[in-house]
Amino acid sequence: SVTYNTLIDGYLRLDNVDKALDIVSLMTQRSVRPDVVTCNILVDALCNRGLLDSAKKLLLEGLEEHNAGNLITSTILIDGCIKHGDMLQALDHWNGISTKGISVDQVVYNVLIKGFCLVSDMKSAHSYLCEMFKKGILPDIVTYNTLISGLLRIGNIREACHMHTKMSLAGLVPDHISYKLIIRGLCLQGDILKAAEHLNKMLSVGIVPEPPVWNLLINGYARCGDISGAYAVKELMLAMGALPNIFTYNALVHAHVKGGELADALLLKQEMLANGIPPDVVTYNMLIHGACKSGNSQYVQYLVRDMLCKGYHCDLITFTELMRCFTLRGKCEEADVLFSKMQKSGLTFDHVPFQLIIKSYCKKGKLAEAYQVYRLMHEMGFVGR
RNA sequence: CAAUCGUUUCUUGUAAACC
């Protein structure tokens, strides 16, 4: 049955459901009894496809055939509930296990802790961690990474860094995920110095960063307007054999737009074309931002035309940027025209355009118009103050 | 005796306001 299970799991991972089911029937034809593992594989596949109810049904049938589930079955179900956004039901299953006195492992705990993290209940997450220790179940890297991710999600970088060191103290070696999480948190926070420290630590223990990590760091420097810092990371990245992609280039463009000259950003645009990585909407949005910042509205127009020529479409941010160009120069009416255009375009909306228009009307003393937009914002379901 | 099943990464980028 091990062979059959391996095949079934393999096909399901490739999303080849028919083939997988073929193997199941082949199994029964040759009177090989599907076992718990078979059951787990199927239940997991159903949960991953959002078919929680079918999974439970399958389990009930399985139980009738004396296939009692094991801890892994329960873990899969609990995780399925969590993915479904139903933490209460997940806890129901968990209580079922605990009351039966089944011995548990760190993986179920990891799943539960993840569940609490996803609903930002870090207090419960932490008390489950304590419970692990009490039961003599040692947390592993996944436990710590889950907690770090949860803490970062609620913006608690301090505690996340704490966890990171705590993990080392517990004798666990932070892996590439631990580093990626912490570097991401620090970069988004604007603490590029600490992020760079972690990069060095990561390199010193021989972990090779994935391209996204390099790009995170370059963007970290870009946010601070530190162009040379950004380029230093890019050079290091190249030296370590990673190739720049569109994200890398955009991060560098970001750095120039934020802390340097538009001209340099435009040079980069040429370099992108030469290297076969054409600028995308995000690149154009940033360039538009730069042109607008330097007061070059002619060039803003040119960029928009250039972008449309290349077959790209304006997205929400393009429109917002263009509106911002108008409002910065006090042209409320033009901004408002663009605003209506945007509404007709069927793009998904955001609160930012409303804020721009309202602020711009207010500055001009046109309170009636501002109020009208404010009301519209409410009608469309954007809560404002 | 061993081998098959479960958990961590919004995988990386651009705009607003507050200040």
Side-chain angles (χ1 to χ4, degrees), chain A residues 1-10 12-13 35-45 47-48 69-80 82-83 105-115 117-118 140-150 152-153 175-184 187-188 209-220 222-223 245-255 257-258 280-290 292 315-325 327 350-359 384-385:
Chain A
S1 69
V2 174
T3 317
Y4 290 104
N5 289 340
T6 311
L7 281 170
I8 294 169
D9 189 45
L12 285 172
R13 275 176 210 278
D35 60 6
V36 204
V37 176
T38 321
C39 179
N40 289 345
I41 292 170
L42 294 175
V43 170
D44 188 42
C47 284
N48 283 332
N70 57 14
L71 177 62
I72 295 185
T73 322
S74 307
T75 309
I76 294 169
L77 266 185
I78 292 174
D79 193 42
I82 289 171
K83 282 180 184 148
D105 64 4
Q106 86 280 14
V107 177
V108 208
Y109 270 105
N110 290 344
V111 172
L112 289 164
I113 289 174
K114 175 186 75 166
C117 286
L118 287 179
D140 61 8
I141 297 200
V142 175
T143 321
Y144 282 102
N145 286 347
T146 307
L147 284 164
I148 291 174
S149 164
L152 291 173
R153 172 188 298 274
D175 65 359
H176 69 109
I177 294 181
S178 325
Y179 281 107
K180 188 202 244 177
L181 283 168
I182 213 79
I183 287 177
R184 188 181 121 86
C187 283
L188 292 182
E210 301 165 349
V213 176
W214 293 116
N215 296 336
L216 272 172
L217 282 155
I218 296 176
N219 258 303
R223 268 187 209 98
N245 59 20
I246 182 74
F247 290 98
T248 318
Y249 276 109
N250 282 344
L252 293 170
V253 171
H254 186 196
V257 168
K258 179 93 188 194
D280 66 1
V281 192
V282 175
T283 323
Y284 277 102
N285 288 344
M286 288 189 289
L287 293 174
I288 289 170
H289 183 85
C292 176
D315 67 1
L316 171 66
I317 295 180
T318 320
F319 274 113
T320 312
E321 285 288 9
L322 292 173
M323 275 180 60
R324 190 169 156 276
C325 289
T327 59
D350 199 72
H351 59 114
V352 180
F354 292 99
Q355 277 185 355
L356 282 172
I357 295 268
I358 293 170
K359 189 185 166 192
R385 295 192 298 152

[M] and [N], which share atom name [atom1], separated by this distance in whole Å:
| N | M | atom1 | answer |
| --- | --- | --- | --- |
| U8(B) | U4(B) | C1' | 23 Å |
| U12(B) | A16(B) | C1' | 22 Å |
| C5(B) | U9(B) | C1' | 22 Å |
| A15(B) | U11(B) | C1' | 23 Å |

With sequence neighbours excluded, what pairs up with [X] under the ring-ring contact (aromatic ring centres under 6.0 Å, His included) test?
| X | answer |
| --- | --- |
| Tyr109(A) | Trp94(A) |
| Phe354(A) | Phe339(A), Phe349(A), Phe382(A) |
| Tyr249(A) | none |

Taking side chain to side chain donor-acceptor pair (under 3.5 Å) as the test, write out the residues that go with [X], two or more places apart.
| X | answer |
| --- | --- |
| Arg324(A) | His289(A) |
| Asp9(A) | Arg13(A) |
| Asp105(A) | none |
| Thr283(A) | Asn250(A), Asp280(A) |

Spell out protein contact along nucleotides 3-10 of chain B as letters: B when the base is contacted, S when just the sugar-phosphate is, - when no protein heavy atom is under 4.0 Å; keep the 5' to 3' order.
-> BBBBBBBB

Letter per nucleotide, 5' to 3', of nucleotides 14-19 of chain B [B base touched, S only sugar-phosphate touched, - untouched; heavy atoms, 4.0 Å] = BBBS--

Taking only Watson-Crick and G-U wobble pairs with both distances under 3.5 Å, what dot-bracket line describes RNA chain B, where [ ] shows pairs that cross earlier ones and | shows pairs with another strand?
-> ...................

Can you name the one residue among Ile8(A), Thr3(A), Val2(A) that meets side-chain contact (heavy atoms from CB on, under 4.5 Å) with Thr6(A)?
->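 Going through the options one by one, the only one that passes is Val2(A).
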
Sequence-distant partners of Arg153(A), salt bridge (charged side-chain N to carboxylate O under 4.0 Å, His left out), two or more places apart |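 Salt bridge (charged side-chain N to carboxylate O under 4.0 Å, His left out) check on Arg153(A) returns nothing, list empty.
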
Listed partners of Lys359(A) passing salt bridge (charged side-chain N to carboxylate O under 4.0 Å, His left out), at least two apart |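 Salt bridge (charged side-chain N to carboxylate O under 4.0 Å, His left out) list for Lys359(A), sorted by chain: empty.
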
